[in-house]
Amino acid sequence: MKITFLKQIHLFILISLFYSILGMAMNNDNLTDDIIINQLKIQGIKPHVTYIHSDYPYTDYKNFPTQPFLTLTEAERKISYFSDNAIQFIELNNNYQYEKILFNKRDVIDILFPIAMFSEYSDGEHFFTLDEKYQLHHLNSVEEAWKQDCYLKIVIEKGKVVKMQKRPLTYITKTVFSYWSNGNKQQEISEKLDLNNNVLVHDEIEYDQTGQRIKLLEDNFITNYKVVMTYLYTQDVYALMDIFNEKGIKVNHTIFYDELGNVESQYLDESGQIIHTSNIEPNLSTDVYLPQSAIYQSIPMDLLRVHPSYVDKLIEQMASKDNYTLADQEAVTRAKFLGIQSNSTYYHPTPFPQWGKDRYKNYPHQLTMTLAQAEYQHPKEQYVDLVKVTVGDNYQYQTISREKWLQVPLSIPHEQFKPLENGTYFFTLDKQGQLIPLEDIEQAIILPSYVRVEKVMGKIASILQKTRIQKTQQVYEYNENNQMHKEILTVLESPSMPLLTVETIYDDIGVFVVSQTIKDSQNKRIAVFSKFNDNNIYGVIERFNREEEKTNHITIYRNTLIENRHLDKAGNTLLITDDLTNENDPQPYDELPLYSDKLIQQIFNAYLNKNKE
């Protein structure tokens with residue numbers, strides 16, 4: 001048994017060494033075809049048998065495999081940087097070169113799903129499908145799971161569910177190779193397929209006997225366009241490309257002068273006459289992202305665990321004209337799953353997700369918290385947030401109250417706390433510095449400052465003095481399609497700047513600012529932004545003094561130029577500058593339009609800068 005084990009170790013070392021050497025020698029003559037083939041035979045690899053690779057580019061050296069093959073279980077566990085899983089199912093020809101490659105790619109998406117449904121399953125990896133009634137069906141193996149258009153993967157460790165994912169099939173390609181007698185590639189036929197194995201895009205690449213490309217043919221069955229590309233490799237012209245429309249009429253002729261992107265793209269009418277030229281290569285990319293069934297798409301993503309790229313795709317839907325009904329349904333399902341009820345108020349985990357970056361149309365996606373939990377989330381940080389939100393009947397945020405607190409350890413004698421039992425206690429300090437007990441946390445947080453005492457196992461674990469340094473409130477209104485229409489941000493407390501209100505009106509897709517008005521605590525205008533539907537002008541900012549007289553008319557051009565007209569009381573131009581900043585009284589809101597998350601952060605930054613001085 002020991003000898004067998006040593007032989008296996010020896011074979012593993014030889015295999016690893018062989019693939020390492022082959023990888024370094026891909027484009028050199030260090031290894032002959034016979035040596036490579038013999039080494040593959042020693043490993044027991046045979047032609048016309050299906051093997052598995054994870055996703056990586058196959059070698060340019062005569063299409064011999066350059067990485068060890070994997071089991072399906074090993075390949076299914078490999079996740080890319082972008083949180084997808086790609087597997088190549090490979091067959092070799094009689095010469096041990098790639099003959100066929102079936103390439104499948106799946107998204108790996110963390111989900112929210114009732115954990116109790118997996119309570120009876122043992123530790124390990126489990127695979128499931130869902131039927132139309134959302135009932136789970138346990139699959140016997142990873143091989144069975146991989147045959148599905150989508151499956152759920154659940155990982156259980158020590159009786160606890162540690163991972164829940166859905167893995168929809170998103171991309172399928174099939175590639176077949178043929179070779180010249182010297183082993184160089186002769187032809188490569190690649191097809192992008194849908195879930196029913198129908199061909200979406202058909203590509204053929206032809207090579208000469210030296211391995212250079214000589215022609216590319218593409219049939220796109222999505223656009224019904226055809227492409228013919230011929231490689232010339234002359235001193236003046238690298239390649240020529242012709243594009244034919246669905247009628248078979250040539251609509252583009254592109255000359256590639258080199259491989260560096262120097263091109264002349266000629267757009268043709270139906271008679272073949274040039275109607276437009278460009279030095280930009282035509283975009284031939286076609287979206288072949290395979291659809292995910294409604295059953296699986298309705299399972300809400302766990303936005304705290306999932307890869308940021310999937311959150312980005314969700315957020316992008318806010319600014320698209322496409323149908324976002326399913327995304328809205330997923331957002332509502334996610335909120336309900338998290339225990340959020342419509343027309344309710346709760347405290348929020350921090351850091352609070354930023355608008356346009358982490359929040360989809362102002363739907364909540366984090367668990368609710370009690371006031372006690374929210375107030376003591378980050379006991380060791382100097383500055384902490386307390387966020388209270390209300391959601392409406394559509395489950396979107398109606399109000400967001402954000403407070404910033406400074407918390408510092410307080411050194412006071414512990415003897416006075418001896419009579420207290422284990423728990424959390426709140427006090428305020430009188431003018432003589434004496435502690436006055438408060439009834440509860442609700443009474444504490446309405447004060448500008450309070451003391452928090454934590455007693456654990458009969459000992460004082462911490463004493464913190466907490467002081468509120470900033471408070472804002474955001475109120476939202478929505479259109480019928482749940483797109484954000486209006487936001488009113490009010491700065492209620494701030495030692496670093498005057499109190500103000502910012503009213504923002506958004507466009508019909510609820511993303512971009514149409515107008516923004518800033519008013520002081522007496523409801524007088526400070527500044528107004530108006531967006532223009534103009535090819536040259538992006539928008540205009542108007543500023544006002546304390547008497548609400550216009551002092552500046554600032555034009556923001558789309559080429560980033562600024563024209564700042566300084567006005568007298570009669571509206572006449574005194575001076576023209578190219579600076580947005582108010583030199584006499586610079587403020588965080590000088591550069592409009594300004595999104596609320598950024599303004600709230602800038603107000604806090606102003607506080608930090610003020611306290612450095």
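Remember, predicted model here, so these are calculated numbers, not experimental data.
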I'd like to know if the side chain of [X] reaches the main chain of [Y], judged simply by a donor and an acceptor atom lying under 3.5 Å from each other, with no hydrogens or angles considered.
{"X": "Asp110", "Y": "Leu303", "answer": "no"}
{"X": "Tyr310", "Y": "Val108", "answer": "yes"}
{"X": "Asn93", "Y": "Gln97", "answer": "yes"}
{"X": "Glu144", "Y": "Asn140", "answer": "yes"}
{"X": "Asp358", "Y": "Gln354", "answer": "yes"}
{"X": "Asp208", "Y": "Gly211", "answer": "yes"}
{"X": "Gln148", "Y": "Ala145", "answer": "no"}
{"X": "Lys78", "Y": "His53", "answer": "no"}
{"X": "Asp131", "Y": "Gln135", "answer": "yes"}
{"X": "Asp597", "Y": "Trp355", "answer": "yes"}

Are any of the side-chain nitrogens in [X] or [Y] under 4.0 Å away from the carboxylate oxygens of its partner?
{"X": "Asp328", "Y": "Lys361", "result": "yes"}
{"X": "Glu270", "Y": "Lys247", "result": "yes"}
{"X": "Glu125", "Y": "Lys163", "result": "no"}
{"X": "Arg167", "Y": "Asp107", "result": "no"}
{"X": "Lys185", "Y": "Glu188", "result": "yes"}

Just do the ring pair (Phe, Tyr, Trp, His ring centres under 6.0 Å) check on Tyr397 and Phe352 with the steps written out, would you? CA-CA 13 Å; Tyr397 293 127; Phe352 190 73; 5.7 Å; yes
Quick one: do the [X] and [Y] side chains pair a donor with an acceptor below 3.5 Å?
{"X": "Tyr363", "Y": "Asn394", "answer": "no"}
{"X": "Ser271", "Y": "Asp269", "answer": "yes"}
{"X": "Tyr98", "Y": "Thr175", "answer": "no"}
{"X": "Gln483", "Y": "Asn481", "answer": "no"}
{"X": "Glu264", "Y": "Thr254", "answer": "no"}
{"X": "Gln474", "Y": "Ser596", "answer": "yes"}
{"X": "Asn63", "Y": "Tyr179", "answer": "yes"}
{"X": "Gln516", "Y": "Thr504", "answer": "yes"}
{"X": "Asn362", "Y": "Tyr478", "answer": "yes"}
{"X": "Gln297", "Y": "Gln292", "answer": "no"}

To the nearest 0.5 Å, how far apart are CZ in Phe113 and CD1 in Ile154?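 With rounding to 0.5 Å, CZ (Phe113) is 7.5 Å from CD1 (Ile154).
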Could you tell me the separation between the CD1 atom of Ile52 and the CG atom of Leu70, rounded to the nearest 0.5 Å?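 Spacing of CD1 (Ile52) from CG (Leu70) equals 7.5 Å.
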For [X], which residues count as a salt bridge (charged side-chain N to carboxylate O under 4.0 Å, His left out) partner, sequence neighbours excluded?
{"X": "Glu563", "answer": "Arg565"}
{"X": "Lys250", "answer": "Asp242"}
{"X": "Arg213", "answer": "none"}
{"X": "Arg334", "answer": "Glu330"}

With [X], which residues qualify under side chain to side chain contact (heavy atoms under 4.5 Å, CB included), at least two apart?
{"X": "Asp534", "value": "Phe532, Asn536, Ile537"}
{"X": "Leu232", "value": "Thr230, Thr234, Val237, Leu240"}
{"X": "Asn198", "value": "Asp194, Asn196"}

Check against side-chain contact (heavy atoms from CB on, under 4.5 Å), Glu76 and Lys153: CA-CA 11 Å; Glu76 195 267 350; Lys153 181 175 183 178; 2.8 Å; yes
Residue list, ring pair (Phe, Tyr, Trp, His ring centres under 6.0 Å) with [X], at least two apart or on another chain:
{"X": "His276", "answer": "Tyr267"}
{"X": "Tyr557", "answer": "none"}
{"X": "Tyr324", "answer": "none"}
{"X": "His126", "answer": "Tyr121, His138"}

In terms of the angle between their ring planes, are [X] and [Y] parallel, tilted or perpendicular, with boundaries placed at 30° and 60°?
{"X": "Trp146", "Y": "Phe89", "result": "tilted"}
{"X": "His307", "Y": "Tyr81", "result": "perpendicular"}
{"X": "Phe69", "Y": "Tyr51", "result": "parallel"}

Under 4.5 Å between any side-chain heavy atoms of [X] and [Y], yes or no?
{"X": "Ile37", "Y": "Lys41", "answer": "yes"}
{"X": "Val540", "Y": "Phe529", "answer": "no"}
{"X": "Glu99", "Y": "His48", "answer": "yes"}

Return the minimal non-hydrogen interatomic distance between Ala327 and Leu314, and the atom names on each side.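 Closest pair (atom of Ala327, atom of Leu314, distance): CB-CD1, 3.9 Å.
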What do the steps show when you test Tyr233 against Tyr238 for ring pair (Phe, Tyr, Trp, His ring centres under 6.0 Å), and what is the final call? CA-CA 4 Å; Tyr233 303 111; Tyr238 172 74; 5.4 Å; yes
Would Lys105 and Tyr171 count as a cation-pi pair here, with the cationic atom under 6.0 angstrom from the ring centre and within 45° of the axis?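 Verdict for Tyr171: a cation-pi partner in Lys105.
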Just grab all the ring-ring contact (aromatic ring centres under 6.0 Å, His included) pairs involving residues 197-224, residues at least two apart or on different chains.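 Matches after skipping sequence neighbours: none remain.
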